[in-house]
Protein chains: 2
Amino acid sequence: MNAAPDPERLAELLCDWSLEVREGDQVLVTMTLQCMELVRAVHGAILERGAFPLMRLSPTEFAEDFYRHAGERQLDSFAPIELDELRAADCLLGVYAPANTSALAGVDPTLIARAARARAPLLQARMAADFRSCGTLWPTPALAQQARMGDTEYAEFVTRTLFLDRADPIAAWRALSGRQAELIGRLSLGHEVRIEAPGTDLRLGIEGRTWINSDGKGNMPSGEVFTGPHERSANGRIRFGIPSNPRGVEIEAVELTFVDGEVVDARAARGDDYLQAVLATDAGARRLGELGIGTNFGIDRPTGSILLDEKMAGTVHLALGRSYPETGGCNVSALHWDLICDLRDGGSITIDGEPLELTAV
Amino acid sequence: MNAAPDPERLAELLCDWSLEVREGDQVLVTMTLQCMELVRAVHGAILERGAFPLMRLSPTEFAEDFYRHAGERQLDSFAPIELDELRAADCLLGVYAPANTSALAGVDPTLIARAARARAPLLQARMAADFRSCGTLWPTPALAQQARMGDTEYAEFVTRTLFLDRADPIAAWRALSGRQAELIGRLSLGHEVRIEAPGTDLRLGIEGRTWINSDGKGNMPSGEVFTGPHERSANGRIRFGIPSNPRGVEIEAVELTFVDGEVVDARAARGDDYLQAVLATDAGARRLGELGIGTNFGIDRPTGSILLDEKMAGTVHLALGRSYPETGGCNVSALHWDLICDLRDGGSITIDGEPLELTAV
C-alpha cells in the first residue's frame, strides 16, 4: 500500500480515531479546492456515522486576496458567526491542502500579525481542551514542491506518515499512543529539560506540568508528546536548524536567546524581518508556550509543513506564543509558532541529567 | 460585450444592487466548485465594501452522496448551526452552478420531499422578508447542456439575461424596476386574474394582495412581478407547457385542475411519480403560493433552469406550496415549486376582464 493516501481510508481514520464522530454531531470541515477527493469521502463518512457535515471554504483559499481587499474592520475583527459556529459545533476538521504555499510571501508581516491578533478568540476556541478538533493534510503539487519531491513520491511519503501503509491504521495509532504514554510516564516526573545541539544549550522548567499524548487526535498525522514549560524558566540559547514556512514565508536558522523565559536576542539567517514582526505580536509572543518531542518514524525528513516536521522522530520543537491550557502552561498570545531543533546529528535532550532515548517510541 | 459574464462586473452588481452589502455585514455565500471565478470576485467585492464574506460549500455539491449516506436523523432534521447562521447573517448569496443537473435523477422522490419537509425552517429563514437573500446563476457545461446550447453560446445568453451586455447594468435594472412598478400599480387594483391558453382556463383571486417587484434583488437575473393568490380562489385547469427540472428530474406537461384552491387532479406526461410525491409533501403542497408574471426580454427561450425560465417575458408561473408572506399569501408548506405557462403562442392573461399587454415591460 505504498501509494497515494486512500481518501476513504483516511476519512475513516479521521472520523473514528481522530474526531470520534458520534451520532448527531455537528462537524465543521474547512477545506480548500485541492482536497475535494478527501472532502467528498469525509462528507460521506460523517453522514454514515449519523452526524451532520458542514463544509466551509477555508479562509486560506483566498488568503492573498484577503490582504489585498481587507480594510481596518476586517483586519481588526472577524465575523461573529465564525466564533458562534465554533462554539456550537461538536468537532472541527481542518484540511491543509494549499495550491501555493507561498500565497502570503508578499504580504506585509505586520498585517498578518495584526489579523492573527484580532482572530485570537477563534484560535482559542479551536484549541479548547474539550473541543474535538483535528488538523490534517492532503498532498498537493504545492506541498510536494515545497518538500522538493515529485507528486507521486510526496503522496507516498504522506501515506507513510499517516500509517495508511499499515494493514490496520487505527491499530498502529493505538500502538503509538501506548508507547507515548510510557514516555510521558517518565517525563512527568522530571523537573528540568536540557536541550543540547550545535549552537544550542537551553534549560526549561517542566515540574508539575502535564504532558499531552498527541496520538493522531488533534493532528493527523501526529506522533509527539508536548507540554507547556514554565513561562519564566527558559534560559540559554537555541538554534532551530529545520526551516520554517509560516504562511509561506521562508524562515531559516532562527536563533533565540532566553533570559528568565523571555527572548532577549533573536535573529534569523533568512526572514529576519518576519521574525521580528512576529515577536512584536504581543507580550506572550516573546515567551514559550510549548515544548514538544517528535516520535513519528514515518516522517524521516523535513518537508516544510509544520504539521509533519514537528512530529519527526529525533527532533524537539518549541512554540513561541500561546500555550495549550491543558498542559498547565499559562502563556497567552495570538501567536503559536512552532520552531524545530534537529537532534539527529549529535544533539540530545536530558531530563534532570538523564538522556532521553529518542528511539524509544 | 456579448461574451461570458464578467465575474468582477457580476460581483459588483450582486453586492451593490442585489444585496446592498454594507460595512460590517456578515455575508453568507453558498457555492459549488463550478463557480470559483465568480466566488473569488464576490469574496473580494464583499471585503472592498467592509463586510465579512463567509464561504460555504452548498449542500447541492454532494447532494447525490447525501441521499446515499444519510440516515433517518439527517433526513428528518438538520444541523442547528445552519439555522443559527441564517438568523445571524445580514445577507446570503446562493450561486447555482451545478456540475450535473441530473445529480438527483435517480433518488427516490419521497426521500427528497422528506428532507425538504425537515429543512422547511431553513427555507423560511431564507425567504423572510427582512432578510437580504439573492440567488444567482453562473454558467456551467451542465447548464449549457440542459439548455441544449454550446458552452460559449450559453454563457453569452446568461450575460444578456443579467443585463451585463449593457454599458451600465445597474441602470438597466433600475429601469426595469421602474417599469415593473408601473405594472404593479395596475395589478394592485385587480380582483381576479384569468389565464387562458391551450389546455388552460384558470381563475385566481388576488384582491388586496401585495405584488412584489422582483427587480434583481432576491434573484439575479430577475424580471418578474408576483403575488400570493387567495388560497381558496383557484378554479379551473392549467397546462404548464415549459418543462420543469426540479433537482434534475425532468417533468413535462404538468396539468392541474383546481377546485376552490385545491389540486383535485394532477398529471404529468413525464415525471408523474415525482409530481404525485411532491403533492403529498404536506397539505400546503396541493395549494398555490405564488402567481408570477415574467418580464425579462433577455430571456427569450426556456433553458431548464427555473431561475431563468420563470422570468421569461410572455410567460406566467404558479408555485405550488409556500407563499412569500410579504405578498399577503398565507400558504404554508415545505414546498415551493414554480411551474410555467407560456402565453407567447395564443395565450393571454386578463385582470378583471382587461387583457394585460405582456410587452409593456
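So you know, we letter chains A, B, ... as the sequences are listed, proteins then strands, and number each from 1.
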Structural part of B/F66 lying under 4.5 Å from a heavy atom of chain A: both
Chain A contact via B/P80 - side chain, backbone, both or neither, heavy atoms under 4.5 Å: both
Can you tell me how far the CG atom of A/L33 sits from the CE atom of B/M36, to the nearest 0.5 Å? 4.0 Å
SG of A/C91 to CG of A/L86, rounded to nearest 0.5 Å, is 11.5 Å
Report yes if the side chains of B/C134 and B/L14 come closer than 4.5 Å at any heavy-atom pair, otherwise no. yes
Could you list every donor-acceptor pair linking chain B to chain A (distance under 3.5 Å, backbone and side chains)?
| residue | atom | partner | partner atom | Å |
| --- | --- | --- | --- | --- |
| B/E23 | OE2 | A/R73 | NE | 3.3 |
| B/Q26 | OE1 | A/I81 | N | 2.8 |
| B/R40 | NE | A/D65 | OD2 | 2.6 |
| B/R40 | NH2 | A/D65 | OD1 | 2.9 |
| B/L47 | O | A/Q74 | NE2 | 2.8 |
| B/E48 | OE2 | A/H69 | ND1 | 2.5 |
| B/A51 | O | A/Q74 | NE2 | 2.7 |
| B/M55 | O | A/L57 | N | 3.0 |
| B/R56 | NH2 | A/E85 | OE1 | 3.3 |
| B/L57 | N | A/M55 | O | 3.0 |
| B/D65 | OD1 | A/R40 | NH2 | 2.9 |
| B/D65 | OD2 | A/R40 | NE | 2.6 |
| B/H69 | ND1 | A/E48 | OE2 | 2.5 |
| B/R73 | NE | A/E23 | OE2 | 3.3 |
| B/Q74 | NE2 | A/L47 | O | 2.8 |
| B/Q74 | NE2 | A/A51 | O | 2.7 |
| B/I81 | N | A/Q26 | OE1 | 2.8 |
| B/E85 | OE1 | A/R56 | NH2 | 3.2 |

Applying side chain to side chain contact (heavy atoms under 4.5 Å, CB included) to A/L57 and B/L54, what does each step give before you reach the verdict? CA-CA 8 Å; A/L57 194 66; B/L54 296 158; over 6 Å; no
Greatest number of heavy atom pairs closer than 4.5 Å to chain A - which of B/A45, B/G44, B/P53, B/P59: B/G44
Side chain to side chain contact (heavy atoms under 4.5 Å, CB included) assessment of B/I46 paired with B/V29: CA-CA 10 Å; B/I46 292 169; B/V29 180; 3.9 Å; yes
Going by the rule side-chain contact (heavy atoms from CB on, under 4.5 Å), which residues pair with A/A89 if we only count those two or more places apart in sequence or in a different chain? A/L28, A/F131, B/I81
A/L164, A/L38, A/L13, A/L137 screened by side-chain contact (heavy atoms from CB on, under 4.5 Å) with A/P5, the one that passes: A/L164
